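These notes are about the structure you will find just below.
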Amino acid sequence: MSCSDRHRFALTTPLYYVNARPHIGSAYTTIAADALARYQRLKGLEVLSITGTDEHGQKIQRTAEEQNRDPQELCNEISGEFNALWQKLNIHYDRYSRTTDPRHAAIVKDFFARVWDKGDIYLGQQKGWYCVACEEFKEERDLLDDRHCPMHPNKQAEWRDEANYFFRLSNYQTQLETLFEQNPDFIQPASRRNEVVNFVQQGLQDFSISRVQLDWGIPVPNDPTHTLYVWFDALLGYVTALLEPDDEPTLDNALRHWWPIDLHLIGKDILRFHAVYWPAMLMSADLPLPGRVFGHGFLTKDGTKISKTIGNTIDPNDLIDRFSADAVRYYFLKEIEFGRDGDYNEERFINIVNADLANDLGNLLNRTLKMVNKYCGSCVPDVNPADLDASFTLKTTGETLGDRVDRAYQALEFHTACNSTLALIRDCNKFIDDRAPWTLFKQGEQVELERVLYTILESARLAAYLLSPIIPTLSTAIYTQIGFEIDFDQLETLKLLAFDQHSHWGCLQANQKLGKAEPIFRRIEIRVD
Ligand code: ME8
């Protein structure tokens, strides 16, 4: 079993198919992965964040044929679009794995040889219904009327009866059952784990890992009349990503530094591949297993899964252009419990980011900074947090917030991290109205006035710090206005922001010179077309 190094953390998004431009569903997993990677970096861990594209298989071959294009040219174009989107969404990945990279073919060849030598590959006859959109054989009982696929109701499964190489998945039934029993957290959340355990208990069947009517892929090393099944090749894209730029592309070199990966973040549609097929393939190759597989829910639009194949996509580029990257990142992580399905609704999007980011957080900071400028000479008020008594309830709440949010990130409960932090900010807004600093000023209560303003400023700082994995640009703006010279996007400055210190309420130093006060997030006006 894997035993990962506590000072390092490697995580992956799925490698996305390049049959169409990225949509908000693909962005969703990547936003979550980026938030988690940023959180781990804040905690001082060395992080390797992996994403990429899955470029082989029938689905891509057909898309290229339909568009009368060279498949590689299609892959290059769409892969470029994924990359451009990640830049725009402020995603910091360390490795971008493309399965058409020649280095990847070398890794696949080495891995295939190990599984072959183990005796886990044999030639057989594959008969069954294949959904090209899923790149998966389906049981007839799982298909809808006229053999339409439940995941892609506009696509029909196709009959196949051909010689294929098979992987002996059935050999790993007991080992997989033991894995799930001994490592209850291997598959998360628990509901997904139960699904997988039930599936495995029904008895595992070998699955075919080659195709004969397919050119666009990696030839089977021992028999080039067959092409490797796209999933066999794609999962190994996670391993290829581990090669250092100068490494010779061998499996041993790839596994040297970061294996085993700590976390595979995926959507629930590809759980079986990651939680059953992949561990069995790794067991066959005698390799340690990844730490965890987390299967999140689907984004839906009017109740239907958002999908490139169905054609009901939402363009993340458009959302970012209109609302900003931070707003998009915040909405999806705060609004949808990670692990569950969630529906996208534009009115709700606007209401939430306006309420939380523009009103509660943005206005609070702006009002407070103006008062500090006016009443305290543009410096953090000269207050020792230890002198604040129990009537400063924000201090009491703030002192436990760091630990609560830390636990939420560890458990991938992004919505809890957001809600707990925003609760402190709402309390701040009430606190200002209750303590009325403007009245304290008129009454000449300078000591109390400074205590009140320090308390609010420190709470806003803490909120910005704890939300920085989700809204890095806004957090940088808040920190800058409070007088720090840091950028949450720069790894070097993160070293100055030690989690132990900055996640604690009370770390703001008295007399720090403030930056320039400016609105951090402008309210979004609802478009009336
Ligand atoms: O499955 N809601 O690629 P893919 C939430 N190439 N997440 C969604 C979503 C939705 N509506 N639609 C897609 C593949 N996703 C394979 C992976 S990995 C070695 C190979 C997310 O582009 C979700 O995480 O079809 C899904 O699992 C992922 O996009 C990949 O989708």
Side-chain angles (χ1 to χ4, degrees), residues 11-34 50-60 63 75 78-79 81-82 85-86 95-100 104 107-108 111 131-136 149 151-153 155 192 216-217 228-242 261 263-279 281-282 290 293-316 332-333 335-344 412:
L11 79 168
T12 66
T13 72
L15 307 183
Y16 301 102
Y17 283 130
V18 288
N19 61 313
R21 306 181 62 205
H23 62 81
I24 197 68
S26 10
Y28 181 54
T29 324
T30 316
I31 290 171
D34 187 61
I50 298 165
T51 189
T53 35
D54 180 0
E55 308 189 355
H56 287 137
Q58 190 138 33
K59 175 151 139 161
I60 311 302
T63 307
C75 294
I78 304 285
S79 176
E81 294 214 24
F82 274 94
L85 176 61
W86 304 150
R95 300 282 161 81
Y96 190 96
S97 192
R98 293 187 60 184
T99 57
T100 55
H104 175 63
I107 300 298
V108 172
F111 187 88
C131 172
V132 174
C134 293
E135 291 280 17
E136 188 178 13
C149 168
M151 297 299 292
H152 305 96
K155 298 279 173 190
R192 297 274 126 73
W216 188 240
L228 271 178
Y229 172 41
V230 59
W231 269 102
F232 191 89
D233 137 22
L235 288 160
L236 286 161
Y238 296 140
V239 177
T240 306
L242 305 179
I261 281 163
L263 172 68
H264 290 304
L265 263 188
I266 53 164
K268 63 181 180 181
D269 49 340
I270 53 176
L271 191 61
R272 212 172 274 180
F273 294 101
H274 285 79
V276 182
Y277 293 11
W278 182 224
M281 286 162 61
L282 292 166
V293 176
F294 191 104
H296 66 68
F298 282 158
L299 301 184
T300 57
K301 193 164 143 196
D302 307 320
T304 302
K305 183 194 172 210
I306 296 172
S307 143
K308 295 173 273 196
T309 311
I310 296 171
N312 61 343
T313 57
I314 295 166
D315 181 0
F332 286 102
L333 293 186
E335 175 62 1
I336 300 159
E337 188 179 327
F338 202 60
R340 291 180 181 265
D341 292 351
D343 210 55
Y344 173 76
L412 276 67

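Source: prediction; values computed, not measured. Just so you know, ligand 1 is whichever comes first in the structure, and atom 1 is the first atom listed for that ligand.
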Of all protein heavy atoms, the one nearest atom 12 (N) of ligand 1 is His23 CE1, 3.3 Å
Quick check on the 6.0 Å ring-centre criterion: do Tyr238 and His274 meet it? yes
Notebook entry, point to check: Any N or O of Thr29 that comes nearer than 3.5 Å to an N or O of ligand 1?
Noted result: yes
Using atom types as modelled and distance alone, determine if a side-chain donor or acceptor of Lys268 lies under 3.5 Å from a backbone N or O of Gly297.
-> no
Nearest non-hydrogen protein atom to atom 1 (O) of ligand 1, with distance, is Ile270 CG2, 3.5 Å
**Asked** Would a distance-only check, ignoring hydrogens and angles, find a side-chain to backbone donor-acceptor pair under 3.5 Å from Thr99 to Ala234?
**Response** no
Separation between CG (Leu11) and OG1 (Thr51), nearest 0.5 Å, reads 9.5 Å
Rounded to the nearest 0.5 angstrom, the CG-CD1 distance for Leu263 and Ile50 is 11.0 Å
Worksheet item: ligand 1 and Phe298, any nitrogen or oxygen pair closer than 3.5 angstrom?
Response: no
Where does the angle between the aromatic ring planes of Phe82 and Tyr16 fall among parallel (under 30°), tilted (30 to 60°) and perpendicular (over 60°)?
-> parallel
Using a 3.5 Å distance criterion without hydrogens, assess whether the side chain of Glu135 forms a donor-acceptor pair with backbone atoms of Lys59.
yes
In this structure, atom 11 (N) of ligand 1 is nearest to the protein heavy atom Ile306 O, 2.7 Å
Short version for Lys268: what comes under 4.0 Å of ligand 1, heavy atoms counted, is neither
- Does ligand 1 have any atom sitting under 4.0 Å from a heavy atom of Ala234? yes
Fill in: Residues Arg21 and Glu81 bridged, charged N to O under 4.0 Å
yes
Quick look: Phe273 vs ligand 1, heavy-atom contacts under 4.0 Å, and the answer is neither
In Phe298, Tyr344, Phe338, the residue satisfying ring-ring contact (aromatic ring centres under 6.0 Å, His included) with Tyr28 is Phe338
among protein heavy atoms, the one nearest atom 19 (C) of ligand 1 is Tyr238 OH, 3.5 Å
Taken to the nearest 0.5 Å, the spacing of Thr29 OG1 from His264 NE2 works out to 14.0 Å
Numbered in order shown, the ligand 1 atoms found under 4.0 Å of a heavy atom of His296 are 5 (C), 7 (N), 24 (O)
Nearest non-hydrogen protein atom to atom 9 (C) of ligand 1, with distance, is Gly25 CA, 3.5 Å
Check: Do the side chain of Ser97 and the main chain of Gly237 share a donor and acceptor less than 3.5 angstrom apart?
Finding: yes
Ligand 1 to Asp54, heavy atom cutoff 4.0 Å, flagged ligand atoms 6 (N), 16 (C), 20 (C)
Closest to atom 2 (N) of ligand 1 among protein heavy atoms sits Leu299 N, 2.8 Å
Nearest non-hydrogen protein atom to atom 31 (O) of ligand 1, with distance, is Tyr16 CD2, 4.3 Å
Note: heavy atom closest to atom 17 (C) of ligand 1, options Leu15, Leu235, Ile266, belongs to Leu15
If you scan protein heavy atoms around atom 26 (C) of ligand 1, the nearest is Asp269 OD1, 3.6 Å
Taking only non-hydrogen atoms of Gly297 and a 4.0 Å limit, the atoms of ligand 1 in range are 5 (C)
